[in-house]
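One structure is given below, encoded as structure tokens.
Below, read A as the first sequence line, B as the second, and so on, with proteins coming before strands; counting in each chain starts at 1. Because only heavy atoms are used, hydrogens play no part in the values below, and waters and symmetry mates are left out as well, while side chains stay in.
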Number of protein chains: 4
Amino acid sequence: MPNRKVSSKIVKTFKKIGWASYVSGLNTSHSGNMSIRQGDKIHITRRGAMKGFLEPADIVTISLKPSDRDKLASSEARIHRAIYNKTNARAVMHCHPLMATVLSLKQDKIVPLDVEGNWLLPEIPVLECREPTGSDELARKLSALFTRYKAAIVRSHGVFAIGETLDEAFRCVAVIEHSAWIIYDSR
Amino acid sequence: MPNRKVSSKIVKTFKKIGWASYVSGLNTSHSGNMSIRQGDKIHITRRGAMKGFLEPADIVTISLKPSDRDKLASSEARIHRAIYNKTNARAVMHCHPLMATVLSLKQDKIVPLDVEGNWLLPEIPVLECREPTGSDELARKLSALFTRYKAAIVRSHGVFAIGETLDEAFRCVAVIEHSAWIIYDSR
Amino acid sequence: MPNRKVSSKIVKTFKKIGWASYVSGLNTSHSGNMSIRQGDKIHITRRGAMKGFLEPADIVTISLKPSDRDKLASSEARIHRAIYNKTNARAVMHCHPLMATVLSLKQDKIVPLDVEGNWLLPEIPVLECREPTGSDELARKLSALFTRYKAAIVRSHGVFAIGETLDEAFRCVAVIEHSAWIIYDSR
Amino acid sequence: MPNRKVSSKIVKTFKKIGWASYVSGLNTSHSGNMSIRQGDKIHITRRGAMKGFLEPADIVTISLKPSDRDKLASSEARIHRAIYNKTNARAVMHCHPLMATVLSLKQDKIVPLDVEGNWLLPEIPVLECREPTGSDELARKLSALFTRYKAAIVRSHGVFAIGETLDEAFRCVAVIEHSAWIIYDSR
């Protein structure tokens, strides 16, 4: 059943960014999730959607306050909600890029060497992740970082980024992964 | 000649997962195979199909018991059949991902370091493969592993995974390969 | 609002080369830019376009002389303009390929080892980049190289290449990256 | 001007295999070429075609004997012709895969470690390439190998493979590259 609360323009954006994240290897089959805030609504990918092959029914709409509908949404919906409640972000992108994850295992931050990475994200913090990925505790800690940063890495898990638009949030993820590869391969 | 025993929904799923496995590099041109169980029927990719570019005629339907039709199916059909006869799996995915294969050459199991890999598949066993890939002996040994595991690697060959759906089985393969790269690149 | 100064043939070329650069990993989500010269007009990707998913409105037309319209174009438009003013190039392609960027960190030029690279581009110079990427100074230094070379790398930034057509300019970028990987992996 | 000597089925095959070679990274923008023999005709990609984005006009038809039309065809057409004149091949695929090329720099043959590679191509010879890639001398030496092998690597250049069909020839290239990566990454 398609979600009537979502405009076809938003569906198109989700499909484009989802496919862009898959074909470039920033997500694997089911990894990651993404959302767009519209007023007090959050449009977010549903639990277990294949990000590279999104259908309209894969986008669910939840509220800025927890409700029963949350169980349909990605298990990391509370991270997205915490970020929206604490910042002016209009979109959140979460991916599982390989090299950002690899570097996060041994570093507390990533500092890009390349011009574009350094200009867009001079420093990307790594957050220790001892709590389950869907926990309130992780949501609290991670969202706190977004008052100062546009993107952060959860150790051994993946990247979260925010933006005025989903394109912009996705761009941060892509730039981080590119910078991570440049760091790794130039060692 | 298209296969009338297969619904258009199943054809769509095969095409999607086949393309997803190819574009992400989990399969090369003709590698791998996949199947869905429906009652006492097994819908499986035919011998020599290009998984990234499946057509309806590339899906053949065989029975849970061996028959003459088997010669049309993938040469590894007997592995799929053995798994269905021994477990509750509704789908089987087999791919040739690079890094899982590389690690299998020197390890007896893979233990993911990343959060998602560790949560979905805390341990992936590697099976020694001295028998031909289409042999009954390999089918017997490999299917036995699926009473305890959702996925296993055949040494120097590739990954097999099961699921309630083909999406779910594919997800296991994708997660294993992602975890394998994280292990390899973080050494 | 689509750009009426651009023919549908040129739009098709931009879309093809943009997608080709994205799917092969030569650009990340928003990186790079490309242009085609037509008389005293330059058709160029707009600021912040996703190169893999270009729409007609993502192509803006500026003049060989600076004007107010420049603010719509890519921030590196002045590099494209400087190249057109100094050479006979009909197209300019700029990408952020990983390995060419990595090698540029420590080398002053790239000399391909493979047959095709060596035949097309026997030597690719690396330009030090102390100026902002959109500066006149960088545009002056970089365009000067194109009187002798078909392609050049801006250190820690990316590759610029010229051609009679956009296909040809893109080919140079692709060949450089392929040659860079062969150099890196054969060490 | 589309080529009327080519059936739509053959065009479809060229497009599929060309795209498959590009999206999997076995070819870069303009690298490689492919052909199908039909009686005394050879359908082959034209000089400078983008293999991932073939149009009907990108396929030219030449004869088993040299003629004026050859100048439209790929510069390596004489290698294809020499192979058809010396073997029963119905198709030839040539790609520039990265790792097969890297290994060719230092090895005289590739011996796959993985099951599929070992089964399909137990040994792939590397041919020294001192002659220009379009020369008669290289065509003579390379075609001679195809009386014993299904595939061969020209040092620092790329892979040639033959088959009953273009799918089959492409499969050989894909399997070689997969095997080459397994060898390289397991060192």
Query raised in the report: Given side chains that start at C-beta, do those of C:I182 and D:L105 come closer than 4.5 Å, heavy atoms only?
Result: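 The answer is yes, as the side chains (C-beta and beyond) meet within the 4.5 Å cut-off.
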
Quick check on C:I17 against chain D: is it the side chain, the backbone, both or neither that has a heavy atom closer than 4.5 Å?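 Contact with chain D is through the side chain of C:I17 alone.
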
Work out which heavy atom in D:M99 is nearest to a heavy atom in C:D185; give both atom names and the distance.
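Scanning both residues, the minimum pair turns out to be CE-OD2, 3.5 Å.
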
Fill in: Where D:K106 and C:S186 come nearest, the two heavy atoms and their spacing
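Closest heavy-atom pair between D:K106 and C:S186: NZ-O, 2.6 Å.
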
| request: Between chain C and each of D:G52, D:S29, D:G25, count heavy-atom pairs under 4.5 Å; write down the option with the most. | output: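 The residue among D:G52, D:S29, D:G25 with the greatest pair count is D:S29.
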
Practice item. Would you check if the side chain of D:Y22 reaches a backbone N or O of C:A20 as a donor-acceptor pair within less than 3.5 Å? Key: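 A pair under 3.5 Å: yes.
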
NE2 (D:H96) and CD (C:E116) are apart, to the nearest 0.5 Å, by 5.0 Å

Bottom line for D:S24: the part with an atom under 4.5 Å from chain C's heavy atoms is neither

* To do: List the steps and the verdict of side chain to side chain contact (heavy atoms under 4.5 Å, CB included) for D:T28 and C:E177.
  => CA-CA 9 Å; D:T28 61; C:E177 182 65 358; over 6 Å; no

